[in-house]
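Scroll down for the structure; my scribbles are underneath it.
No hydrogens, no waters, no symmetry mates; every other heavy atom, side chains included, goes into these values.
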Amino acid sequence: MLWSKLFIPTLRENPAEAEVVSHQLLLRGGYIRQLGAGIYNYLFLANRSMLKIIGIVREEMNAIGAQEMLLPALNPAEVWQESGRWDLMGDNMFRLKDRFGRPLCLGMTHEEVMTSIARGELRSYKQLPQIWYQIQTKFRDEPRPKSGLLRVRQFIMKDSYSFDLDAQGLDASYEKHRAAYCRIFDRCGLEYITVEADSGAMGGSASQEFMVRSQAGEDYVVACKETGYAANLEKAVSRPAPPPAADPEGDLDPEEFHTPNRKTIEEVADFTGLPRTSQMKSLVMVADGKGVLALLRGDHQLSETKFAAALKAQEVRPAHPEEMREWLGADAGSLGPVGVKSLRIVADLALTGRKNMICGANRDDYHLRNVTPDEDFQAEYFDLRQVADGDTEIETGAPLQIHKSVEIGHIFKLGYKYSHSMGLNVLNHDGVETPVIMGSYGIGIERILSAAIELYADKNGISMPVSIAPFEVVVTPVKIGDAALRRAAEEIYGKLQALGVDVLLDDRDESPGVKFKDADLIGIPYRVTVGKKLAQGNVEIAERRSGAVREVQVAEAPGWLAEKIHAAKK
RNA sequence: CGGGGCGUAGCGCAGCCUGGUAGCGCACCUGCCUUGGGCGCAGGGGGUCGGGCGUUCAAAUCGCCCCGCCCCGACCA
């Protein structure tokens, strides 16, 4: 294609509203334009990249025997009411009414619709397994869209669903997806890791996320370089760093002391001159309507996910100040477990074996010292704590790192949730009605694009992997008015096309600087510069990612590039 | 939904405090010039100053209300 005929509105300056790198560069590179909060126009370049991503996804899905469908984005309320998610999804679901007042919604995901197809048609175990997928627009009324295409209200997702007769079948479908996802992300040129994830309200048994490390990400991943352990922070486990100060020796009794206006762990640590680890953090929580006292080491954070899982609670929240006062007789900042009878007490495992610690006295402005778990109060122990910097791998003690990541894919075993709620059964060998076991698997198309940009961007702009770049090569005649340069450029361009290379000819009447800057900005992997070297019969090939430049003869350039490009796409 | 910020030409911003002619850079158009890293010179076009109501002789500027966008938090199969 000829650049002079295309709409590639690049910008010299960063638009003020863009904060994260991928957002800035997508706008500057002329890939996207914003229409509203969390709603974007995908212009020519973004669309080209996304079509390539979709092509890879489609090939790999088809390769595991998945069948592509296209389901409606507009859904009647009924199917969602059947599964119970009409209410569960709350404000995250876009809802509307038709002219007769009938309730509809825009699909956030398609378990219900897929299940509704399956239950009408699947009757025998002989029809199983099935894997069905679609690549389709999803709608979510995000409370806070942000970070360009990373968190939006309308986005394209590849979602697939597996239907199996039994758990072994589900395991096989799940494994097929895991392998296919690895091939997809490899082919898209991403560096990623898979992590164990929380199954959340979906009620599944196993779940993995595919994560790309990035400052722009919103998820935290805990990973160990040495052992390969990796988990979502919500689920990660670790050995805590040992407390820097030993507990006081002796079988001491709790003793109240005055701590005027010292409420936070930090303030009490300063006041006592002891590290935060010498304190017990007491958090009053409400789990499914009942008050619970959660105890942690002073420097640790409660993981609400683990807390909810430990208590098998659906809904968890911090208690209101009035509730704390009612249950414990003091305000937050002076609370502790000693003498508490009215609340269930759960403690993090990091408190086992500790003694003579400091905690609130349940009397405003007073704390207790010499409080020993299991002696001065009784608690149930669970892993409740969020992994923190400085923690080590739970089995080997190897160091752990925590970093921000973007979730680009998620696979999980759904189990029978939808089969049960929506009545999806088949007859088994013995002619007995058996519920079908399901899996659900998603990939965010825009997130692959954004993650690739985040991963490889440099000071000059985007640096796309060959497989998903909007063009693979740009041919740049330095001076378009020069007939010889133009002829050579057109010749290379034509040959590249013939070799199946996705090539762009920058035939604009612009200064070389402008063309080079634009080519770098939009991230085309290879640039052929047709300029002064032509006098010797040569052109230059510049590799965007490495900056490496090589001089080759005009006749050799297309073949050399085609080889590189085909190798990169394998 | 809580906290903060912003809204003036396509983009980036100044002007607002202290009311009176709407301005700068980039981009765009025309001509000349230039052609290896966002080139130079000259001329030019483009604005309901987010919207409404109010105060005033007079509002981009002051007041009230609303809308939109961004950031932090809450939330996030």
Q: Sugar-phosphate atoms are those with a prime plus P, OP1 and OP2; base atoms are the rest. Using that split, label each nucleotide of nucleotides 40-52 of chain B B, S or - for protein heavy atoms under 4.0 Å, 5' to 3'.
A: -------------
Q | Base-contact (B) and sugar-phosphate-only (S) positions in nucleotides 33-39 of chain B, heavy-atom cut-off under 4.0 Å, - elsewhere | A | --BBBBS
Considering every strand and a 4.0 Å limit on heavy-atom distances, what is the contact class for [X]: base, sugar-phosphate, or nothing?
X	answer
Pro143(A)	base
Ser147(A)	sugar-phosphate
Glu17(A)	sugar-phosphate

d([atom1], [X]; [atom2], [N]) in whole Å:
X	N	atom1	atom2	result
Glu209(A)	A77(B)	CD	P	10 Å
Asn232(A)	A77(B)	CG	P	11 Å
Glu142(A)	C1(B)	CD	P	16 Å
Lys235(A)	A77(B)	NZ	P	15 Å
Asp219(A)	C76(B)	CG	P	12 Å
Met438(A)	A77(B)	CE	P	18 Å
Lys146(A)	C6(B)	NZ	C1'	18 Å

Q. Could one point to a donor on the side chain of Arg151(A) or the base of C76(B) with an acceptor on the other under 3.5 Å away?
A.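 Checked by distance alone, the answer is yes.
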**Q.** Side chain Arg85(A) and base A77(B) donor-acceptor under 3.5 Å
**A.**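 Between A77(B) and Arg85(A), which were checked side chain against base, a qualifying N/O pair under 3.5 Å is absent.
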Q.
Which residue is it: Lys564(A), Glu543(A), Arg544(A)? I am looking for the one with a side-chain hydrogen bond (donor to acceptor under 3.5 Å, both in side chains) to Tyr526(A).
A.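 Only one option passes, and that is Glu543(A).
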Between [M] and [N], how far apart are the [atom1] atoms? Round to whole Å, please.
N	M	atom1	answer
G50(B)	G68(B)	P	16 Å
G3(B)	U48(B)	P	33 Å
G47(B)	U8(B)	C1'	8 Å
G15(B)	U61(B)	C1'	9 Å
U18(B)	G10(B)	P	31 Å

How would you list, by chain and number, every residue that makes a salt bridge (charged side-chain N to carboxylate O under 4.0 Å, His left out) with [X], sequence neighbours excluded?
X	result
Asp171(A)	Lys413(A)
Arg447(A)	none
Arg28(A)	none

Review item, nucleotides 23-25 of chain B N/O atoms under 3.5 Å of protein N/O:
{"from": "G25(B)", "atom 1": "N2", "to": "Glu13(A)", "atom 2": "OE1", "distance (Å)": "3.0"}

Q | Contact nearer the 5' end of RNA chain B, comparing Gly442(A) with Arg153(A) | A |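 That would be Arg153(A).
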(Q) Between Ala16(A) and Tyr441(A), which residue's closest nucleotide on RNA chain B lies nearer the 5′ terminus? (A)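 With Tyr441(A) and Ala16(A) compared, the 5'-side residue is Ala16(A).
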Q.
Using every non-hydrogen atom in the two residues, find where Ala332(A) and Leu335(A) come nearest and quote the distance to one decimal.
A.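 Distance-wise, the nearest heavy atoms are CA-CD1, 3.9 Å.
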Q: Please determine if a side-chain N or O atom of Gln34(A) lies less than 4.0 Å away from the OP1 or OP2 oxygen of C70(B).
A: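 Yes, because at least one side-chain N or O of Gln34(A) sits under 4.0 Å from OP1 or OP2 of C70(B).
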